[in-house]
Amino acid sequence: MNHNNKLLFIKNLTKIFSAGSFLFKSNIVAVNNVSLELNAQRAEIFTLAGESGSGKTTLARIILGLVRPTSGTILYKGRDITQIKSAKDWKWFTREVQPISQNPFDTFSPLNKVETYLYDTAINYNIVTNKSEVYNILDEKLKAVGLSWDEVRGKYPNEFSGGQLQRLSIARAIITNPSLIVADEPVSMIDASLRMSIVNLFKNLKEQFNVSVIYITHDLATAYYISDRIAIMLRGSIVESGPVEKVLNAPLHPYTKLLKQSIPEPTIDVQWEEEIQLSVTEIKEFTASGCKFAARCPYVMETCKTKEPEETFVDERAVRCYLYK
Amino acid sequence: MRSNPLSIVKVEELKAYYVSESYGINSVVKAVDDVSFEIYEDEILGIAGESGCGKTTLLKTLLGTIKPPLSIFGGRIFYRIEDEYRDILSFREGELRDIRWKIVSYIPQGSMSVLNPVRKIKDTFLDFMEAHRPDISKSEFDSLVKNYLGALGLPTEVLDSYPHQLSGGMRQRVTIALSTIFKPKIVLADEPTTALDVVVQRGILQLLRKIQREEKNTLVVVSHDMGVHARISDRVGIMYAGKIIEIGNTEEIYTNPLHPYTRYLISSLPKIGDKAYRTGVPGSPPSLSNLPAGCRFQDRCPEIKDICREEEPSLVEVNDNHKVACFLVSKGEENYES
């Protein structure tokens with residue numbers, strides 16, 4: 001099979017972590033048989049949504065080449081990223097795929113001026129051949145995120161607000177002209193009032209620079225706003241995926257429905273009626289056989305508790321639920 | 001709507017500043033600057049605003065935990081204790097300890113750092129009882145805790161667990177149970193759901209509302225998320241740069257927001273089913289140690305007038321349930337024509 005026309009090709013990817021001592025060993029399947037593809041021709045924003053412990057960050061770390069999957073295939077532009085050995089190939093891969101982390105205060109050391117990160121990225125990845133050009137490049141990238149070289153020069157991270165630092169980390173990520181950005185909860189630490197200005201930047205990256213973005217979040221409202229496609233993760237598995245308008249406007253899986261109903265929207269027209277059930281300890285849901293939502297699902301059937309549902313295709317999307325067999 | 005709600009807390013002209021000195025230069029951060037408002041009996045009051053607007057400092061002073069560098073530069077905080085309004089800022093430490101957890105209690109932000117990691121939940125409850133209610137016997141307290149957890153819908157098995165064995169949402173609910181077990185009249189909650197996922201957040205908010213509806217006490221919820229306030233608050237106060245700039249019934253605030261900042265806060269949140277372009281609030285808030293003359297929102301305001309740079313607007317009543325501090329409202333449009 002030729003996967004060269006795919007930017008990212010993931011098939012049956014699984015990652016198992018072992019926890020506990022060897023007597024009481026338990027295996028946690030952080031990523032369970034996940035498949036997804038990103039098209040190379042047209043940039044898109046793909047959202048991985050789910051609660052904490054859903055495996056979305058582990059999946060992101062596998063995509064960034066930081067964690068080795070236990071089994072399955074992951075190809076970036078047709079190349080198996082688990083087989084990248086030489087420093088030269090690794091440099092190619094890290095130039096192509098750039099991360100943005102949740103906490104912008106982690107991205108920049110408080111002891112260094114922020115410009116050193118921008119400068120070093122440009123030099124280390126040979127973006128400029130001549131050192132005098134570097135400031136033009138940096139200014140151009142900073143302008144793309146609404147800042148300028150004059151605002152940044154000589155300053156330390158503590159002189160910026162969280163929102164500005166997150167803009168800087170986006171500027172740093174696009175210095176290498178990547179094809180894919182993996183952003184893990186990029187706005188969850190940003191005030192609600194500034195969130196949209198950061199979210200809009202990702203939209204710009206896609207439209208102006210043709211960069212694909214894997215947007216990892218638990219905030220479905222911003223996911224709806226920026227993404228083209230979405231995958232809902234629950235305890236390692238993708239339970240529903242497809243075009244964002246389909247999945248969020250008319251969710252099929254009971255878990256997606258619960259997520260959607262639980263978003264507090266800034267309007268007084270909706271009120272929560274029924275009380276909801278929460279899981280007491282997470283470990284039980286991880287190790288449960290069958291559908292991981294069975295213990296909390298209002299439509300639970302006997303089969304749900306024993307056997308994990310297969311993927312079925314309904315109305316342009318893939319869903320794992322026995323209700324749609 | 002209730003007529004003549006009874007105030008349980010009255011805050012008058014409160015000024016709480018952080019004072020620090022380095023290299024002989026004094027810097028004063030005006031975190032809460034000349035704030036007056038009332039908190040009623042049997043209500044949920046929401047306090048909204050960006051980080052650094054002074055909402056946590058306001059809660060700290062309401063609780064009477066004023067430690068350097070924070071100090072009070074003026075104003076009073078009256079609590080109604082046994083039908084008498086008493087200024088807690090004049091209380092001695094012993095008197096403050098007497099009202100804490102019985103009259104006023106506090107739900108902190110990060111539940112991970114509240115519960116002792118090396119003690120089981122039941123031991124934490126016991127420590128708590130010994131510190132605050134030594135008059136209760138241990139067996140009495142045991143059944144009190146079990147009944148209370150049952151009433152809140154928490155499984156009693158959590159008592160035999162260590163904090164790390166519980167999910168984040170369950171830890172936060174245990175913290176809420178701990179803060180409300182002595183049936184305080186006022187509960188102050190600082191960002192109770194900020195680090196939590198939406199489904200867990202919903203569970204926590206429903207629990208808080210359930211406790212308030214049953215006890216008919218007063219809950220003050222601080223959150224930067226206007227979506228949270230729409231779900232649980234009866235009234236909402238919006239803080240900006242150390243001031244309350246708008247306060248009113250939740251319905252009034254969401255259907256008829258008057259301050260440009262409040263309008264931004266509500267309209268900047270995206271909604272499912274609506275992909276229309278949205279922007280955040282432009283710019284950033286002023287430094288609390290170097291405030292401009294006039295309105296504090298002037299540099300970010302889309303409707304700025306000359307007067308906004310000269311005078312500071314005060315909080316004026318729009319109707320019985322709504323107050324706002326903005327010249328767009330307090331000085332009618334005719335003043336600006338020329």
Side-chain angles (χ1 to χ4, degrees), chain A residues 49-54 160-164 187-200 203 218-226 244-245 248-249 251 255 258-285 296, chain B residues 48-52 153-155 157-158 161 165-170 173 193 195-207 209-210 224-232 250-251 253-255 261 264-282 284-285:
Chain A
E51 297 173 271
S52 49
S54 63
F160 295 96
S161 68
Q164 284 175 316
V187 294
S188 68
M189 312 247 322
I190 312 284
D191 257 315
S193 56
L194 297 172
R195 217 168 263 178
M196 290 318 288
S197 55
I198 304 291
V199 167
N200 283 332
K203 231 177 176 169
H218 65 260
D219 178 0
L220 294 188
T222 55
Y224 184 87
Y225 177 76
I226 59 164
V244 71
E245 287 87 357
L248 292 184
N249 279 332
Y255 177 66
L258 174 71
L259 274 183
K260 188 192 167 187
Q261 282 165 10
S262 301
I263 302 168
E265 289 196 340
T267 156
I268 50 169
D269 305 337
V270 220
Q271 289 301 333
W272 289 322
E273 299 299 336
E274 75 279 23
E275 282 197 31
I276 50 157
Q277 240 187 320
L278 297 178
S279 53
V280 180
T281 48
E282 280 156 356
I283 193 98
K284 281 185 191 160
E285 277 194 1
R296 293 192 274 158
Chain B
E50 289 166 281
S51 41
L154 307 187
E157 62 190 83
V158 299
S161 313
Q165 292 172 310
L166 304 175
S167 64
M170 186 53 74
R173 281 180 289 167
T193 60
L196 303 172
D197 296 311
V198 282
V199 178
V200 181
Q201 164 167 290
R202 175 179 165 188
I204 301 290
L205 295 178
Q206 285 181 328
L207 176 71
R209 201 167 58 181
K210 180 179 164 188
H224 70 273
D225 188 343
M226 290 302 281
V228 166
H229 293 301
R231 282 293 159 284
I232 78 162
T250 305
E251 205 187 325
I253 296 288
Y254 284 85
T255 54
Y261 180 63
Y264 265 129
L265 281 186
I266 295 171
S267 68
S268 64
L269 293 175
K271 290 189 189 111
I272 287 181
D274 178 8
K275 280 205 165 190
Y277 185 75
R278 282 167 200 275
T279 51
V281 188
S284 48

**OP:** Of all the heavy-atom pairs spanning Thr279(B) and Met196(A), show the shortest one and how long it is.
**Re:** C-CB, 3.8 Å
**OP:** Name the option with the most non-hydrogen atom pairs under 4.5 Å to chain A; the candidates are Arg209(B), His229(B), Met226(B), Arg278(B).
**Re:** Arg278(B)
Subject >> Heavy-atom contact with chain A under 4.5 Å, split by part of Leu205(B) >> reply: side chain
Original post:
For Tyr254(B), is it the side chain, the backbone, both or neither that has a heavy atom under 4.5 Å from a heavy atom of chain A?
Top reply: side chain
**OP:** Write down the atom of Lys271(B), the atom of Tyr224(A), and the distance for their closest heavy-atom approach.
**Re:** O-CD2, 3.9 Å
Original post:
Tell me, side chain or backbone of Val244(A) under 4.5 Å from chain B's heavy atoms, or both, or neither?
Top reply: side chain
Original post:
Between Thr267(A), Thr222(A), Ile263(A), which residue shows the highest count of heavy-atom pairs closer than 4.5 Å to chain B?
Top reply: Thr267(A)
Subject >> Atom pair CG (Leu207(B)) and OG1 (Thr193(B)), whose distance is rounded to the nearest 0.5 Å >> reply: 12.0 Å
**OP:** Measure distances from Ser51(B) to the heavy atoms of chain A and classify the residue's part below 4.5 Å as side chain, backbone, both or neither.
**Re:** both
Original post:
Which one, Ala230(B), Ser268(B), Gly52(B), Pro270(B), leads in non-hydrogen pairs under 4.5 Å with chain A?
Top reply: Pro270(B)
Original post:
Looking at Leu248(A), Asn200(A), Leu194(A), which one has more heavy-atom pairs under 4.5 Å with chain B than the rest?
Top reply: Asn200(A)
Original post:
Rounded to the nearest 0.5 Å, how far does CD of Gln164(A) lie from CD1 of Ile190(A)?
Top reply: 10.5 Å
Original post:
Would you call Met170(B) and Leu154(B) a side-chain contact if the rule is heavy atoms closer than 4.5 Å?
Top reply: yes
**OP:** Select one option (side chain, backbone, both, neither) describing which atoms of Glu245(A) are under 4.5 Å from chain B's heavy atoms.
**Re:** side chain
**OP:** Measure the CG-CD distance between Leu196(B) and Gln201(B) for me, rounded to the nearest 0.5 Å.
**Re:** 7.0 Å
Subject >> Which atoms of Ile272(B) approach chain A - backbone, side chain, both or neither, heavy atom under 4.5 Å >> reply: both
Original post:
Rounded to the nearest 0.5 Å, how far does CG of Leu265(B) lie from CG of Asp225(B)?
Top reply: 10.0 Å
**OP:** Check Lys260(A) against Asn249(A) and note the closest heavy-atom contact, atom names and distance.
**Re:** NZ-O, 3.4 Å
Original post:
What part of Ser267(B) is in contact with chain A, defined as an atom under 4.5 angstrom from a non-hydrogen atom: side chain, backbone, both or neither?
Top reply: neither
